Protein chains: 2
Amino acid sequence: MPSPPRPPRATAARKSAASKPALSRERVIEAALAEIDERGVAAFNLRNLAERLAVYPTAVYWHVPNKTAILAEVVAVVFRDVAPQQRKNDDWRSYLRRLFQRYRESARRHPNVAPLVAAHLVGNLRIDFDFVEGVLAALSAAGLAGARLVAGYNAVVAALIGFVIQEFSPLPEADTEQWQSAVQQRLLGVDPAAHPVLAANLPLLANKAFILRWQNGSEAPLDDSYASFVEQVLAGLESLRE
Amino acid sequence: MPSPPRPPRATAARKSAASKPALSRERVIEAALAEIDERGVAAFNLRNLAERLAVYPTAVYWHVPNKTAILAEVVAVVFRDVAPQQRKNDDWRSYLRRLFQRYRESARRHPNVAPLVAAHLVGNLRIDFDFVEGVLAALSAAGLAGARLVAGYNAVVAALIGFVIQEFSPLPEADTEQWQSAVQQRLLGVDPAAHPVLAANLPLLANKAFILRWQNGSEAPLDDSYASFVEQVLAGLESLRE
DNA sequence: ACCTGAACACCGTTCAAGT
DNA sequence: ACCTGAACACCGTTCAAGT
């Protein structure tokens, strides 16, 4: 759009109540999340963000250091409160089941954020101690300690993000129509001699298995697979308890 | 750098042997991988790539449609041939163990590519049928069929990428020094009342558990955790065989 | 067919100036 | 303290022109 940056609305009203600031860190993050929900991470930029907030692009920099920080905060907001409440008489299994379900629910509400999830948990300065403690407490209650506790914890975190990133990350945005049918064509062209198991199970796998999908988790959720996945993770942890 | 684009070297020599083209799709991808290995995905751009290839930036577009395609090809190269050879008398467990090890090895050789892994397997037009068939054949040999086959397959793929992305994705690049000590400070400040299990196991977890690290997998590999993780995945699959 | 070279639109960020 | 407004460096991509 070649139009000049839109001036802030309510220029007069803004100064009414003791010059209350128009922007805040929270409003910036919130608007950023809305932008990402609508247009995706790839298309997210500070000028659109500023337009949504009805300020000049550079105003944002008063409240936030840079774009990277905004993205980090956005993910933090999306996964705020994923850690379930510890309930009395709640065994470790049901705690972890609830954690897995809540994590996926958070992602489902903001699927476009999924690509940022990996970068999020990797080196985040604002470590979510409640999340970490929740997992550790559950595993500890399961009887894991020492190296096994570490191994169990890493497995849980890896499992949490692995499925969800895959399931919800946006598929190629451009000419989706054409891309979708291209994938389907590719699948129909499988050579049963070279790839027998795949060929034999094609109807079962098509659009329901990673790599072999043409819709992502928002349109074609993998509920059954995820439910099974969670039970597999629990069984895996079970096997760790010697 | 304010210097003008560097002209191609060997301008004369290039035309000697029947005007052999200086560039090729393979050389572009190869150079792109080298760039990413050295500078990371975030800093990767077409002008540096062109400089490495000693051509003008726009020359690349003759061999490749756009930047996204380059990145997709780079990941494809890194994970080319991850699927292990099927061996005679090779049970499904050892096949999957080899697959997990090879996958991680590929990532370890090019850790900066890790952030692209998710986007890779999500909707890739050039589906790696050998990879898919390898996993399916192993699970099929394990006795899984129908919905369980799908669930097992999705679990394996999720597990493969979840750990590796986490382990190798680059930590915040800027002022790493300061960031590292900041993380360590945060950890030392854990409140044992609020987060008892974490506090009690701090030395065990520090720099060895996801989220609680200040070095990534290239500097501080999580070998033991990964070995355990693979066994947990296998145990999870085992539990699927009713 | 393959590369040069100019050019464009876009974007993150800095900084001085306003109020 | 908080926002405007100009400005800069950088970057992906298009396209006409060369050979």
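Note that the structure is predicted; figures quoted are calculated from it, not measured. No hydrogens, no waters, no symmetry mates; every other heavy atom, side chains included, goes into these values. First the proteins, then the strands, lettered A, B, ... as listed; each starts at 1.
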Quiz prompt | For DNA chain C, the dot-bracket pattern of Watson-Crick and G-U pairs whose distances stay under 3.5 Å, | for other-strand partners | solution = ||.|||||...|||||.||

Could you check how far [atom1] of [X] sits from [atom2] of [N], rounded to whole Å?
X       : N     : atom1 : atom2 : result
B/Leu23 : C/dC3 : CG    : P     : 5 Å
B/Asn48 : D/dA9 : CG    : C1'   : 14 Å
B/Leu53 : C/dT4 : CG    : C1'   : 15 Å
A/Trp62 : D/dA1 : CH2   : P     : 6 Å

Exercise. Under the ring pair (Phe, Tyr, Trp, His ring centres under 6.0 Å) rule, collect the residues that match up with A/His195, sequence neighbours excluded.
Key: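 A/His195 satisfies ring pair (Phe, Tyr, Trp, His ring centres under 6.0 Å) with B/Phe129 only.
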
Quiz prompt | Pairing residues for A/Tyr226 by the ring pair (Phe, Tyr, Trp, His ring centres under 6.0 Å) criterion, not counting sequence neighbours | solution =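 Once residues adjacent in sequence are excluded, the partners of A/Tyr226 under the ring pair (Phe, Tyr, Trp, His ring centres under 6.0 Å) criterion are A/Phe163.
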
Exercise answer: donor-acceptor pairs, residues 59-66 of chain A side-chain atoms, under 3.5 Å, sequence neighbours excluded:
| unit_1 | atom_1 | unit_2 | atom_2 | d |
| --- | --- | --- | --- | --- |
| A/Asn66 | OD1 | A/Thr68 | N | 3.3 |
| A/Asn66 | OD1 | A/Ala69 | N | 2.9 |

Quiz item: Going 5' to 3' along nucleotides 12-18 of chain C, which nucleotides have protein heavy atoms under 4.0 Å from the base (write B), which only from the sugar-phosphate (write S), and which from neither (write -)?
Solution: BBB----

Quiz item: Within the pair B/His63 and C/dC3, is there a side-chain N or O less than 4.0 Å away from OP1 or OP2?
Solution: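 Result: yes.
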
Self-check item: Any donor-acceptor N/O pair, B/Asn112 side chain to B/Ile36 backbone, under 3.5 Å
Solution: yes

Quiz item: Is it true that a side-chain atom of B/Glu167 and a backbone atom of B/Leu222 form a donor plus acceptor pair closer than 3.5 Å?
Solution: yes

Exercise. State plainly whether the residues A/Arg27 and A/Glu30 are in salt-bridge range, i.e. N to O under 4.0 Å.
Key: no

Quiz item: With a 4.0 Å cut-off, would you call A/Asp130 and A/Arg80 a salt bridge?
Solution: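 Between A/Arg80 and A/Asp130 there is no salt bridge, as every charged N stays at least 4.0 Å from the carboxylate O atoms.
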
Self-check item: Residue pairs fulfilling salt bridge (Lys or Arg N to Asp or Glu O under 4.0 Å) with at least one residue in residues 56-74 of chain B, sequence neighbours excluded
Solution: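 Qualifying pairs, neighbours excluded: B/Arg25-B/Glu73, B/Glu73-B/Arg126.
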
